Amino acid sequence: MQTQSASNTIQNLINIVGKQHVLTSDNDTRLYRQGRRYGSGQVLAVVVPGTLLEQWQVLKIAIEADCIVIMQAANTGLTGGSTPFGDDYDRPVILMSTRRLLGIQVINDAKQVICLPGATLDKLEKDLAPFNREPHSVIGSSCIGASVLGGVCNNSGGALVRRGPAYTELALYARVNDAGTLELVNHLGVHLGDTPEEILNNLENKNYQSNDIIYNSNCCASDQRYSHDVKQVDENTPARFNADPSRLFEASGSAGKVCVFAVRLDTFEKIPSQVFYVGTNSQDDLTEIRRFLLKDLPRLPIAGEYIHRVAYDIGAEYGKDTFMFIEKFGTAKVPAAFAMKDKVDGYLEKIGLRNLSDKFLQLVTKFMPNHLPKRMNEFRDLYEHHLVIRIENQDVDQVANFLKGYFSDKNSGNYFHCTEEEGRKAFLHRFAVAGAAIRYRDTHRSEVEDIVALDIALRRNDREWVETLPKEMDEQIIHKLYYGHFLCHVFHQDYIVKKGVDPLAMEHAMWHLLDARGAEYPAEHNVGHLYVAKPALKNHYQKLDPTNSFNVGIGQTSKLRYWK
């Protein structure tokens with residue numbers, strides 16, 4: 001794009017959203033241009049619209065100016081899936097952040113919600129609490145400010161066993177069709193008018209009546225079959241994975257290949273529950289417990305999270321400030337804290353003090369008291385494998401009796417029934433682990449090259465779920481962090497690799513090992529620019545975006561017009 005043309009485009013964007021919401025300097029755009037863990041690139045501008053109509057107008061300007069559009073929600077992903085990647089694009093990139101587009105509309109007696117692009121899981125959880133209902137996911141990504149739409153668009157799996165991947169067939173979105181024309185598609189199931197302007201204004205202002213809402217039994221607002229699939233523990237295939245063709249539908253799994261304005265989702269009854277904590281030195285113990293929980297209980301467990309001892313330790317030390325911040329201020333404050341830290345980091349890098357803030361925070365946490373419950377730490381000393389299980393109240397006695405009987409004649413492991421505080425802290429610790437590897441890397445730059453981060457889905461019948469790496473690969477790794485959604489057999493595997501090791505080469509070698517195990521990957525995250533989009537996923541992208549105008553290069557696909 002010529003300098004004059006670029007200048008005109010930026011001015012047109014300013015005319016729509018105001019100068020303070022069109023960011024062009026490197027320091028101002030840094031937070032948006034860099035993935036939380038992976039990926040970065042340059043942009044012509046970051047635009048932050050304040051209304052749905054502004055979002056549509058910005059999109060029109062970008063498409064008319066022949067720019068690539070990257071839609072970004074909370075930028076909490078781990079694979080660079082909502083940021084630019086590299087500098088080999090054939091058109092300028094405009095990144096549109098939806099952070100200001102807040103809005104949650106409760107409908108159908110709170111059994112469903114309509115969420116605008118900036119709605120967060122944390123806010124949705126709070127809005128549904130008075131109705132004794134919950135969103136698709138209530139812990140995990142919600143701890144770091146993840147958006148509702150991001151979860152739907154990126155195949156996020158979530159930690160809750162009964163609910164499966166975030167999914168809906170009811171969405172309002174814009175696409176560029178085969179003829180290169182921008183069009184608004186209203187599949188939200190709400191009569192909102194005829195023109196894009198009418199539809200968007202009426203939706204944002206909730207200018208519709210209950211009889212404008214269509215209830216069609218053929219259109220789902222959540223995954224209807226996952227609770228069945230996960231229970232099939234003898235099947236030789238994974239329960240869920242990113243490229244599953246049966247869970248790709250328009251906005252669901254779109255990974256930014258369309259511009260989504262709203263999604264309509266089911267909500268779920270909040271169920272009283274209790275937590276058990278299991279420790280063992282035998283993978284067979286956890287396999288048998290998993291099979292009992294999925295096959296023999298009358299109702300599925302609510303959640304079942306795995307932590308390996310190494311991940312427990314790294315999380316306890318390098319995720320401590322995240323844990324304590326959430327304990328003190330709640331999840332809603334986390335995105336602002338990340339944004340402030342990122343801005344500080346940007347200034348420090350300019351004067352050659354990269355990662356100083358991480359080192360400072362790490363030093364401060366060393367003087368803080370131990371934040372994890374005594375019984376958890378005792379189990380850490382005794383056992384390599386840890387499983388945290390959340391069970392519906394009416395099934396607690398059956399689970400307690402099973403665990404008691406199972407471990408009565410075994411030396412390999414044990415369990416305890418958590419207090420409310422222990423249960424809450426156990427799950428929070430599990431999710432603080434996810435960012436701990438990043439902190440470790442950023443405070444050990446002299447010895448760490450980078451992180452190889454995989455999220456994988458093992459076969460449902462896989463009893464050999466503990467990984468054994470070849471010796472030559474193992475010697476290139478400082479720490480291996482294993483944690484994940486154990487009942488679903490979805491694992492997150494973070495490898496902190498030694499200085500001088502090629503992380504990309506190691507990752508590709510890991511893929512071959514996973515292929516041999518019959519695993520699918522990624523399991524629940526956007527492929528981003530880290531993974532190769534498998535044929536079903538690539539076909540989904542090309543059908544949604546035939547001109548290749550949105551989030552180009554995703555899944556290591558073509559970055560050129562019309563997928564050339």
Side-chain angles (χ1 to χ4, degrees), residues 134 136-141 143 156-165 223 226-233 235 238-240 268 271-280 282-309 311-312 315 376 379 383-396 398-400 402-403 406-407 413-418 422-434 455-463 465-466 482-493 523-524:
E134 294 177 335
H136 163 265
S137 182
V138 296
I139 194 165
S141 335
C143 286
S156 298
L160 300 179
V161 182
R162 303 178 181 187
R163 300 177 194 173
D223 191 313
Y226 185 72
S227 59
H228 169 270
D229 292 352
V230 75
K231 289 192 284 190
Q232 311 310 307
V233 294
E235 291 295 315
R240 59 178 165 96
F268 304 86
I271 298 171
S273 61
Q274 297 177 44
V275 175
F276 290 91
Y277 198 99
V278 178
T280 180
S282 167
Q283 69 173 333
D284 294 338
D285 286 347
L286 293 195
T287 295
E288 293 308 315
I289 292 169
R290 172 177 174 267
R291 292 177 67 84
F292 162 77
L293 293 171
L294 295 179
K295 286 182 66 178
D296 299 337
L297 273 188
R299 286 157 290 272
L300 277 171
I302 292 170
E305 294 297 305
Y306 170 76
I307 317 174
H308 185 269
R309 178 188 275 154
Y312 184 106
M376 279 176 57
F379 265 45
Y383 306 117
E384 180 181 2
H385 306 291
H386 298 240
L387 179 63
V388 192
I389 316 163
R390 185 174 292 280
I391 302 292
E392 188 171 332
N393 274 359
Q394 57 188 317
D395 297 324
V396 163
Q398 187 176 347
V399 172
F402 171 80
L403 292 173
Y406 183 84
F407 286 117
N414 207 341
Y415 79 100
F416 63 87
H417 192 162
C418 293
E422 286 173 331
R424 178 176 54 78
K425 289 190 172 185
F427 274 98
L428 181 52
H429 177 54
R430 150 65 186 91
F431 293 106
V433 167
D455 71 291
I456 68 165
L458 296 182
R459 296 168 297 172
R460 284 168 281 182
N461 65 351
D462 197 340
R463 290 174 175 269
W465 51 269
V466 174
Y482 298 112
Y483 54 99
H485 315 308
F486 186 69
L487 301 186
C488 308
H489 254 201
V490 167
F491 293 87
H492 300 285
Q493 303 183 169
E524 61 171 1

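The figures that follow rest on heavy atoms only: side chains count, while hydrogens, waters and symmetry mates do not. This is a predicted model, so every value here is computed, not measured.
In terms of heavy-atom proximity, H228 sits nearest to Q232 at O-NE2, 2.9 Å. Counting all heavy atoms, side chain and backbone alike, V388 lies closest to F427 at CG1-CE1, 3.4 Å. The two atoms that bring H492 and G484 nearest to each other are CD2-CA, 4.0 Å, heavy atoms only. In terms of heavy atoms, V490 sits closest to A523 at CG1-CB, 3.7 Å. Here the shortest heavy-atom pairing between P301 and L293 reads CD-O, 3.5 Å. In terms of heavy atoms, Y306 sits closest to R430 at O-CD, 3.8 Å.
Atom-to-atom distance recorded for R240:CZ and E524:CD is 4.5 Å, nearest 0.5 angstrom. Rounded to the nearest 0.5 Å, atoms CG (L387) and OG1 (T280) are 10.0 Å apart. To the nearest 0.5 Å, atom CD1 of residue I271 and atom CD of residue E392 are 4.5 Å apart. The CE atom of M376 sits 9.5 Å away from the NZ atom of K425 when rounded to the nearest 0.5 Å. Once rounded to the nearest 0.5 Å, the distance linking CD of E305 with CZ of F431 reads 4.0 Å. Expressed to the nearest 0.5 Å, how far SG of C488 lies from CG of D229 amounts to 11.0 Å.
Using modelled atom types, one finds a donor on one side chain and an acceptor on the other under 3.5 Å when comparing S273 with R390. Side-chain contact, H417 with E422: no donor N or O sits under 3.5 Å from an acceptor N or O. Side-chain atoms of N414 and Y383 form no donor-acceptor pair, as typed in the model, at a separation below 3.5 Å.
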Evaluate ring-ring contact (aromatic ring centres under 6.0 Å, His included) for H386 paired with H308, printing each intermediate quantity in order. CA-CA 6 Å; H386 298 240; H308 185 269; 8.5 Å; no
Does F407 form a side-chain contact (heavy atoms from CB on, under 4.5 Å) with V278? I'd like the steps, not just the answer. CA-CA 10 Å; F407 286 117; V278 178; 3.9 Å; yes
Residue pair R290, K295: steps toward the side-chain contact (heavy atoms from CB on, under 4.5 Å) verdict: CA-CA 8 Å; R290 172 177 174 267; K295 286 182 66 178; over 6 Å; no
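Ring-plane geometry between F491 and W465 is classed as parallel, the angle between the planes falling under 30 degrees on a 0 to 90 degree scale with a further cut at 60.
Remark: side-chain polar atoms of R162 are paired, donor with acceptor, to backbone N or O of L300 under 3.5 angstrom.
Between Y415 and Y406, the ring center distance fails the sub-6.0 Å criterion.
Side chains of F292 and L297 form a contact here, defined as non-hydrogen atoms less than 4.5 Å apart. Q398 is not listed as a side-chain neighbour of R299, based on a closest heavy-atom distance of 4.5 Å or more.
Among I302, I391, N393, the single residue meeting the side chain to side chain contact (heavy atoms under 4.5 Å, CB included) criterion with Q274 is N393.
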